[in-house]
Each structure stands twice: as structure tokens, then as C-alpha cells.
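This one's a predicted model, so the numbers in the text were calculated from it and none came from an experiment. Indexing begins at 1, ligand by ligand and atom by atom, following the structure's order.
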Amino acid sequence: MQYTLECGRFRLPLDRPLVMGILNVTPDSFSDGGRFNAPERAMAHAAQMIADGVDIIDIGGESTRPGSAAQPLDEELRRILPVLQALRDCGKPLSIDTCKPEVMRAALAAGADMINDINGFMADGAVDAVRNGNSGLCIMHMQGDPRTMQAAPRYGDVVAEVAAFLRERRDALEAAGVARTRLCIDPGFGFGKTLAHNLELLKHIGSMQAQLDLPVLAGLSRKSMLGAITGKPVQERLAGSVAAAIAAVARGARIVRVHDVAETVDALKIWQAVNQNNS
Ligand code: HH2
């Protein structure tokens, strides 16, 4: 299936897998908290990601790692807006990772190209905040909330339940007037899921994408499911993260959200070269 993602100032053909680079401007994100929260350091990190071949930059001002607390609105805006403004003309689409409708509105007014909502635009006012214009929208599934989601994730059929949620949110956004070409979906790896749930979802990316007729974005980078498989702490999950990105793309994912852009871009180039020469 050929997809194109409307993404604010950009139209992104998804005929090759795209790399969304993570720019966390938080003091407490699970793998890089505190490293890029000063605006100059965030800018330098963004410049490096661009040099490394990133396709979309995802700016986050609130950590959503398991157990993290929500940020006050003012603080999230204070973290995000200067970086968004400074990067506005960097030539790459800028995504904002937020669940708050007020942050969505402010970010779009300041020129963000995409909104990435781990809460699937469920907050009161979230759909209204994004319905106009042509920003890209990523709808993610999460069971529970970041404070409690890893306590006891439970599903009857994880793939069917995640797909049903994403379908309901797709339909809600479309009913509000959002064109389908603005949407992508994300099963939300690690967001209220055990290792077995995550693996089941990873295996079914292709069928979910076909059923919902929307491109899948997959975020596996450095996550604890990789630690559970390899036994490695968060700083030693580079190889696992690259392998997971390739596994997701091989199952059909069109966008991968990663910390390690250079390594992922190289791995995807190899994967693509081999795939283009299938005989
Ligand atoms: N994962 C994280 C945050 N946002 N958005 C999408 N669409 N998909 C994901 O899998 C996803 C996401 C968590 O990772 P990270 O940003 O590195 O950490 P933190 O939430 O601690 O800032």
C-alpha cells in the first residue's frame, strides 16, 4: 500500500521507511533525561540528527516513562516553544510529543508540522485543537496512564483491542473533519504492555496497518522490552534498538521513532537495498 503523510509544510511519501528522531527537552526522560534540556544543547543534538539523515524531529517536553508524573502546562510550554521556534527553519518536519490540547494549539500556532499524542487525542479538546489545518497526527495506544500503566497490563486479545482503539480514534478524528492522509497509528510499545504483548503487537504491525488503512509508526528505541530480552541496561541497548527498528519495518512499519539516528539510518539503507533487489 502506498501512503503519503500530510505533515504541515511537508508531504512525506512513505515509500521508504522514515526515521523520526527523538529530541527530549526534559530533565527526566528514561534514557536521555537531562542531556538535551538546555536550548543550546537541544539545538546541537537536532543539528547532529539532521546531519545523520533524520526525516522528522519529535520534540517532547514531558517524560512519559513508566512512573513519571505529568508536567504543569506552563512548564511544558516553556521547554518546547523556544526549541520549536529555533528549529522552525531547519528544513525538517517538526513534531510535538504532547497529550495537552493547550500545548497542541500553541505548538501549531508556533509552526509545528505534526502532533504526536501518546494518549490518542483522548483529552477533552484534543480533537478540536488539531482538526483544522494540515498537521500530521500520530494516534498512539496506551493502557492506563504513565504513572500506573506497567503495574498489571491485561488484555483478552491485545492485537484486537489495540486495533479497535486506534480505529475508534481514527473515526473520531475523521468525523471531526480530519483527512485520513494526516494520520498515522502507533500500537504504543511499552505503554501498558508486557513483553509478550509487545512482541505480539510487533508481529501484527502489517495486519493492523492493512485493517485500518493507515501507516504504522513504531517506537521501540531503548525500551525496557529490549532490556528484558537482552539483559542490557538502557545505555547498552543500541544494537537491540536497531534490530527492533528493522524488525518493525520488515513487518510493515513506515516510520520508526528512535534515539540513535545515524545507526538506524544506516541499517535501514541496508535493509532497503536488499529489499529493492528481491528476485
Ligand atoms: N514512546 C515514548 C514517548 N513518545 N510516542 C510515540 N508515538 N510512540 C512511542 O513509542 C513513544 C512516544 C517514550 O520514549 P522517550 O521519549 O524516549 O522517553 P520519555 O517518555 O521518558 O521522554
* Asked: Heavy atoms only: which of Val234, Thr98, Thr64 is nearest to atom 13 (C) of ligand 1?
  -> Thr64
* Asked: With a 4.5 Å heavy-atom cut-off, do Leu137 and Met114 have their side chains touching?
  -> no
* Structure fact -> Of all heavy-atom pairs linking Ile57 and Val54, the shortest is CG1-CG1, 4.0 Å
* To do: Using distance alone, with no hydrogens and no angle criterion, decide if Ser207 and His204 have a side-chain donor and acceptor under 3.5 Å apart.
  => no
* Can any side-chain N or O of Glu161 pair as donor or acceptor with the backbone N or O of Asp157 at less than 3.5 Å? -> yes
* Do any N or O atoms from the side chain of Arg254 and from the backbone of Val216 form a donor-acceptor pair under 3.5 angstrom? -> no
* Asked: Asp58 to ligand 1: N or O pair under 3.5 Å?
  -> no
* Starting from atom 16 (O) of ligand 1, locate the nearest protein heavy atom and write down its residue, its atom name and how far away it is, to 0.1 Å. => Arg257 NH2, 2.8 Å
* Structure fact -> Asn24 heavy atoms within 4.0 Å reach ligand 1 at atoms 15 (P), 16 (O), 17 (O), 18 (O), 22 (O)
* Does Gly227 offer a backbone N or O that forms a donor-acceptor pair with the side chain of Ser224 under 3.5 Å? -> no
* **Within the 6.0 Å centroid threshold, strictly below: His141 and Phe191** => no
* **Closest protein heavy atom (residue, atom, distance) for atom 8 (N) of ligand 1** => Asp186 OD2, 2.6 Å
* **Side-chain donor-acceptor contact under 3.5 Å, Thr26 with Arg79** => no
* Asked: Gly60 near ligand 1, heavy-atom distance under 4.0 Å?
  -> no
* To do: State whether the side chain of Arg237 and the backbone N or O of Leu226 hold a donor-acceptor pair below 3.5 Å, judged by distance alone.
  => no
* Structure fact -> Within 4.0 Å of some non-hydrogen atom of Cys138, the atoms of ligand 1 are 7 (N)
* Structure fact -> heavy-atom search around atom 21 (O) of ligand 1 in the protein gives Ser63 OG, 2.7 Å
* Structure fact -> A student checking ligand 1 against Ile118 at a 4.0 Å heavy-atom cut-off should list atoms 4 (N), 5 (N), 12 (C)
* Are the side chain of Arg257 and the backbone of Ser221 linked by a donor-acceptor contact shorter than 3.5 Å? -> no
* To do: Pick whichever of Lys223, Arg222, Met142, His141 has a heavy atom sitting closest to atom 9 (C) of ligand 1.
  => Lys223
* Asked: What protein heavy atom sits nearest atom 22 (O) of ligand 1, and how far off is it?
  -> Ser29 OG, 2.5 Å
* Give the atoms of ligand 1, by number and element, whose distance to some non-hydrogen atom of Asp97 is under 4.0 Å. => 3 (C), 4 (N), 12 (C)
* Structure fact -> for atom 17 (O) of ligand 1, nearest protein heavy atom and its distance come out as His259 NE2, 2.8 Å
* Asked: Quick one: does Thr26 get a heavy atom under 4.0 Å from ligand 1?
  -> no
* To do: Record the part of Met140 in heavy-atom contact with ligand 1 below 4.0 Å; permitted values are side chain, backbone, both and neither.
  => side chain
* Minimum-distance protein heavy atom relative to atom 18 (O) of ligand 1 -> Phe30 CD2, 3.2 Å
* Side-chain donor or acceptor of Lys100 paired with backbone N/O of Ala126 under 3.5 Å -> no
* For Asn116, the ligand 1 atoms whose distance to one of its heavy atoms is below 4.0 Å -> 5 (N), 6 (C), 7 (N)
